[in-house]
Every structure is written in C-alpha cells, then in structure tokens.
2 protein chains.
Amino acid sequence: MTLPKHTILLVEDEVEPAEMLANFLEMSDYNLLVAHNGKKALELIEKNASDIHLAVLDIMVPHVNGKEICRVIRKHPVLSDIPVIFLTAKDKEKDEIEGLELGADDYISKPASLKLVKAHIESLLRRQQPQNSKWIQYGNLYLDTSGKDLYQKETRIELTSTEYGLIELFFQNPKRVYTRQEILEHIGGDDRFVFDRTVDVHIKNLRLKMGDDSDMIKTYRGMGYGLNRDKIVL
Amino acid sequence: MTLPKHTILLVEDEVEPAEMLANFLEMSDYNLLVAHNGKKALELIEKNASDIHLAVLDIMVPHVNGKEICRVIRKHPVLSDIPVIFLTAKDKEKDEIEGLELGADDYISKPASLKLVKAHIESLLRRQQPQNSKWIQYGNLYLDTSGKDLYQKETRIELTSTEYGLIELFFQNPKRVYTRQEILEHIGGDDRFVFDRTVDVHIKNLRLKMGDDSDMIKTYRGMGYGLNRDKIVL
DNA sequence: GGGCAGCGTCATAATTCTGTCTCAATTTAT
DNA sequence: ATAAATTGAGACAGAATTATGACGCTGCCC
C-alpha cells in the first residue's frame, strides 16, 4: 500500500529534543529520517532523496551547517522544491533573513513546542500540494502522478491511460471547466480527429470506476466537464 | 516598469510602524494597501480583491481581528490562494498554531525588522504559482471566466451556459445597454431565429439566482438591458 | 489464431435547458 | 384617470444536451 504518508528529514544535533520531536511526528503519521550532524544528513539525502517531502533543519549542527544543507537541497534534482523549515535560537534575525534568501520556506525559533512545529509542517505541506508533490488530493481521491494511478482512500483504482489523462487534467486545475475539445487535446496528445462525444464515454467509464466519488466529476451542461467545486475542500 | 508590481494588503493598527513598513515596501517596488482596523481591511478586500497578491495581517486589530480577516480571505473566491502572513507579539504560541491551522502561510513575531518582513514576503511570493484564472468583479459579484461561474461574495451561483453568456456580456461592457437583438446574438452564437422576448425570461432566471444582487441587472425600458450603472463603482 | 482490453462510434434513453404562451404588474402616453 | 405599451412571472412542451449500453475495430499477449 502506498497511501501518501509524508516523509520528513529532521536535522538537529541535540539528541534528546530530536527524539522527542521525531516520536511526536511519527505518532502523527509521518515517516521520519533523523540526523544529528551534517554529514549524516547529507548521507540520508543521498540515499532517500526521492522519498523526502519536507526538511526541518537546525542551523547549528556539527560538520555541515543547516544553511549548507539547505543549499544542497535547493540544488538537488529531486528535492529542489520541497519545503524547508529552519530551527534556530531566538533573535538571530540575521540568520533568519539569510535563510529565507537561501530558499527556506519557514523559520521557527527555539525553544518551540512539538505542537507548534507540527502546525508549521502541516501548513507547509497543505500548500505544497498542487505544484510538485507527486500526490494531488481532493476529497477521498488521491492521484499519484508518478505512479499514474488513483486511490480512493486506501484502495487503488485501475485506470486506463485515457482515464488517467482525464483525471489528471481535472486535478491540475480543480476550478476550471474544460470543453470537450480541450479535453481531447489533453488526452489525445495531438489533436487527433475524434468525435466530441467520445469524451462522454470516457467520463462515464471513469465515473463508474470512481464509485461513490463519481460525483466528483461534474457535468457543466453546455460547457464541458470539470471537478465538482462544491466537493473540493482545501 | 518591467515586472508587474505585486500588491500587498497590510493590516496593522499602530499607525507609525505601519507607515514605516509600507514606505519601505513601496521603495522595494510593491504596491501597498494599508488598513489600520479590521473594518477598513474588509472594505479594501471588497474593492480590490482581484489586485491583491499577498496579505500581512496583525492579529490584534480593532473591529475585526486578523484571524477573522484570514478566514474571509480563505473563503474569498478570488483571494483564496494568496499567501497570508501573520504578525504578532512574541511567544503567543497559541495564536501561532491557530493561525497556521487557519491557513496562514507564515508567521512573524513582533518586533521584526523591515528587512525581515520583506524577506518573508519575497520568500512567499517566489513560491507562489502563477494564477491562470481571470476574474471580473462588480460589487459583490465575481465572475470566474475560467470556471464559467459567478460568485456572490463567497457563495457560488450555478449558471446555465445561456445565463453565463448573459452576465459575461454585461460584465465585459458594464456601461453599455444592450438591445435584445444584441443579447441574442451574443448568447445564441449565430443569429438564430428566436423571439426577442425570450431574453426577458433569461434575465428573469438570472435575477432569481442573483438574489439580493438582482438589481445589478437593470431594465432600460424601451432599449434593453445592462448593468446598473449606479451600483458600479470604479 | 483466440482471447482480451482499450478506444471510438452509434442509437436510444434520461435529463436539463430554452423558447413560447398567458396573464399580472408596471410604466408611459393621451 | 384611462388606455396603450412594455416588462415580469409562472407554467409547460419540445429542443438540445448528456448518459448509457452495445458493438466493432485495433493492437497486444498468450
């Protein structure tokens, strides 16, 4: 099973607080990768790059400091777009500005409560979604853009490539209505010469597979199809 | 001017610091909309919704507090995706967590330097995805030309394609009066052979859906229909 | 070659929208 | 004030649009 459990890289030199935070986050259903120094952090990045969704970095860690790690992440082919949170002692405003310029997304002053850190993490992950995460979620539906398939809660729904193309189009732009022509162009790749109404059939097949969530795809009569805006909750 | 300037909504009750920050940001090539209390903030949001790219909110402001404003923004058809930054006194961790859960994107403890605030703003704008929906606003009404529907404040109004065609025509040329023939040509596509009284019926249906704002569409007796010039504020 | 899955087309059923009609309400003209 | 003209509202039939089920075609894997 591959439900979108997020993996967080935590880099923090003080062992005790790091463990506490890691445990707390694991209880909240995240996977954790923990490093207590910069070298270890870089190793973890090397080995697990494609799994990491967010990084929490203490600025002051042995060997390679947080800023350096952030720079590595931002240049990394797979990781360059993940959210990065810096942790640091209070009142180091200079660090904070530098961090932001380096491309950090957020900044938390220590000491910070576990709940606070979690709130920051969730806020970032929530906004992260549409762009570059491999998962896009609406309601019960999770689209895996790298595996090219769709999950309804925890069960996988097999899609044909045309059906995947449809749902991907809708998920990428949840508030838009697409005309049949636009849809055809997206799923056909090239503008093949295909009857309009064929789209209806694919929509029907897709809805069938979506079961209870079939009303997530809405017919905008006279216009085309799109997601059901009333069911989209951010 | 090279780049399209970003417009920032700043809500902060203390006049002196607000001015300083506003000036500083204007020097950095942003447009500023400043409110010193919640009521004013809501007005600015009403009138300038489609121009605002980011909001900086103090939590404690008179009339309507920052959290409430954030909630309004998140429910607003045009603004729901902009970055929101909260400003607050240090160590109000509870506020901070609540703010993040409300969908704030960032949180800055006061006092904060001008440069720090700017760094946060730039960090958020940098990550903001380009918006591809086009909005036209008059009064409480927001027309979403990519989603093909109409919002009345924050509630969506479902329109048929004919009704959408009508309102689109009026919104594109708010000061014009259209004869029934012109209206028919616009919504019919081709000049179908249809009684011009049919327009009356569509107008009626549209007004019905518009509820309190039904008087936004005015009857120009003997001429046709158009937007109510008295209710258009430019 | 047979079986199968995916796609496109068609015919027909189901649904929603549009256009017309009638009558009431409102405004304008005499 | 009354009549004439214009617009608003409700109801309804049939037009237009969409949903569905069935079928043939293609390419792929045994």
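For clarity, every value in this text was computed on a predicted model and none was experimentally measured. Below, all heavy atoms of this structure are taken into account, side chains as well, without hydrogens, waters or symmetry copies. Note on naming: letters A, B, ... go to the chains in the order of the sequence lines (proteins, then strands), and numbering restarts at 1 for each one.
- Ionic pairing of A/Arg207 and A/Asp213 is not present here: no N-O contact between side-chain nitrogen and carboxylate oxygen is shorter than 4.0 angstrom.
- Spacing between atom NZ of A/Lys204 and atom P of C/dT9 amounts to 15 Å, rounded to whole angstrom units.
- Partners of B/Tyr142 according to the ring pair (Phe, Tyr, Trp, His ring centres under 6.0 Å) rule, which considers only residues two or more places apart in sequence or in another chain, are B/His76.
- When each of B/Asn205 and A/Thr160 is assigned the nucleotide of DNA chain C with its nearest heavy atom, A/Thr160 is the one assigned upstream, toward the 5' end.
- Nucleotide D/dT6 holds its C1' atom 16 Å from the NZ atom of B/Lys218, rounded to whole Å.
- Comparing D/dA19, D/dG8, C/dG6 against the side chain of A/Asp200 picks out D/dA19 as the nearest.
- Considering only the side chain of A/His202, C/dC7 comes nearest among D/dG10, C/dC7, D/dA19.
- Distances shown here put a side-chain N or O of B/Tyr225 below 4.0 Å from the OP1 or OP2 atom of D/dG8.
- Atoms CG (B/Leu208) and P (D/dG8) sit 13 Å apart, rounded to a whole Å.
- The phosphate of D/dA19 (OP1 or OP2) has a side-chain N or O of A/Thr219 nearer than 4.0 angstrom.
- When only modelled atom types and interatomic distance are considered, B/His36 and B/Asp13 share no side-chain donor-acceptor pair under 3.5 Å.
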Base, backbone or nothing for each nucleotide of nucleotides 20-30 of chain C, written B, S, -, heavy atoms under 4.0 angstrom, 5' to 3'?
-> BS----BBS--
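- Between A/Arg74 and A/Asp105 a salt bridge is recorded (basic side-chain N to carboxylate O distance below 4.0 Å).
- Taking CG of B/Leu141 as the reference point, atom CE of B/Met216 lies at 5.0 Å (rounded to 0.5 Å).
- Looking at A/Arg71 and A/Glu68, a side-chain N of the basic residue comes within less than 4.0 Å of a carboxylate O on the acidic one, giving a salt bridge.
- Here A/Tyr220 does not reach the OP1 or OP2 of C/dC17: none of its side-chain N or O atoms lies under 4.0 Å away.
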